[in-house]
Number of protein chains: 2
Amino acid sequence: MSEKAQNQRGRYHHGELRPALIEASFGLLAESGLAGFSVAQVARRLGVSTAAPYRHFPDRDHLMAAVATQAAVELAEEFGRAVADAGSDPAERFVVTAGAYVRFVGTRGAGFDVIFAAGLERLQNAALTDAGRHLMDLLWELAEQATGQDQETCLTLVGQHLVAAHGYVTLYAGGFFHRQETIDEIADLAMAASRTLLRGTPTG
Amino acid sequence: MSEKAQNQRGRYHHGELRPALIEASFGLLAESGLAGFSVAQVARRLGVSTAAPYRHFPDRDHLMAAVATQAAVELAEEFGRAVADAGSDPAERFVVTAGAYVRFVGTRGAGFDVIFAAGLERLQNAALTDAGRHLMDLLWELAEQATGQDQETCLTLVGQHLVAAHGYVTLYAGGFFHRQETIDEIADLAMAASRTLLRGTPTG
DNA sequence: GTCTATAAATAGATAGAC
DNA sequence: GTCTATCTATTTATAGAC
């Protein structure tokens, strides 16, 4: 019995390998970061051979693109949840997306660096492009409602807001905050930065 | 003659290999990023064998620590230059360090992610620790002069300021700004973010 | 101080068996 | 659809010649 349990690893992974590869990729990214990501490691996590992934994705970048697309979709869902929980204050509805971003990247390992990775745009993946654009539109709308400003101002604010959140989470992953800050504390810092940015942006 | 010129590569690199390795590491980091860094590549750039670096550094991490230390020193110099050029307005003297950071990382390839890399603190490298602390103290002082606020507020502002600058430069390197923005334009964006943060921070 | 040669990992990817 | 086996390339690091 325990023999069978052991043999389940290293043996067939029936039918659902493609989504399982994507899910295992998130786990590896969360633990090892983009630098530590490899197709072989993902396969090992699932107990399949290192050749198996290539039945579902032609190469590493196509797997990454699938992960990036799902990350964008999940991130949009997280933004939606955070905004729904934030109440009715337009400023706060914008601000909470910074916290949601930090928590998402902290737990799932894939953020804008993966979603908008330089090497992936040559794949011309429409699903990925659309998911990325949807994400940006969502933030742009929240910024507009929070500031009442023109498109240019909102675009600048969204950029600053995201860049700060991304900076916090990457420097956190890199060990910059040598104290033992939790991901929730980093999320609070990112939201505080977003509030400061909003205070420094004209409203009306 | 051209034969000799060719043979200069692949042959002895007299006497100055240690600093040359550090300098070549910056070049590789600037072109390929932290992920694309390898001791072997650095050696190839200098036309020495892949074994040669190990006469000067016991392992990869010790080379990285030397690079990180020099990056911290150079970055402090760049901050000094930028501040000196900024004139007398305390706010602007603080803000320009964001631009200096972006330009430095854009051209040299090594920023806070390298200087405060997680794996390097176990080396207990005093020179690196001191250089990093000096960098932070410099920014803390500029923030104090710009805001006149307490230590806590300044620390928060410096964090937000750095995190935004770092976020801009990493997302720029990652291809997030698919437009053909130059590093100077990204530096301007980082300074604009810093001004917005300063506006959103109480002064007095 | 640098070289050649080499070892042991690990990576991405392919061919062909089952 | 997954496996075993294999190829090629690359990495970190060491041993020993010069």
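By convention in this document, chain letters (A, B, ...) are assigned in the order of the sequence lines, proteins followed by strands, and residues within each chain are numbered from 1. Remember, predicted model here, so these are calculated numbers, not experimental data.
The separation between B:H56 atom NE2 and C:dG1 atom C1' is 6 Å, rounded to whole Å. Atom pair A:F37:CZ and C:dT10:C1' shows a separation of 15 Å (rounding to whole Å applied). The CE-P distance, from A:M64 to C:dA13, rounds to 13 Å in whole Å. Spacing between atom CZ of A:F57 and atom C1' of C:dG12 amounts to 16 Å, rounded to whole angstrom units. Per the geometry, CG belonging to B:L28 stands 10 Å off P belonging to D:dT12, to the nearest Å. Rounded to whole angstrom, the span from the NE2 atom of A:H62 across to the P atom of C:dG12 amounts to 15 Å. One can place CG of B:L21 at 14 Å from P of D:dA13, the figure rounded to the nearest angstrom. Between the CZ atom of A:R60 and the C1' atom of C:dG12 there is a distance of 9 Å, given to the nearest Å.
Checking D:dT2, D:dA13, C:dC3 against every side-chain atom of B:Y54, the shortest atom distance belongs to D:dA13. Nearest nucleotide to the A:R55 side chain, out of C:dC3, C:dG12, C:dG16: C:dG16.
For the pair B:R44 and D:dT11, the criterion of a side-chain N or O lying under 4.0 Å from OP1 or OP2 is met. Distances shown here put every side-chain N or O of A:Q41 at or beyond 4.0 Å from the OP1 or OP2 atom of C:dT10.
No side-chain donor from either of A:D137 and A:H134 sits under 3.5 Å from a side-chain acceptor of the other.
Under a cut-off of 6.0 angstrom, the local environment of CD in A:E141 is sparse, with at most 12 non-hydrogen atoms contributed by other residues, nucleotides or ligands.
Between A:A51 and A:S38, it is A:S38 whose nearest contact on DNA chain C lies nearer the 5' terminus.
The aromatic rings of A:H166 and A:Y101 are tilted relative to each other, their planes meeting at an angle between 30° and 60°.
Between the A:R44 side chain and the A:T50 main chain, no donor and acceptor come within less than 3.5 Å of each other.
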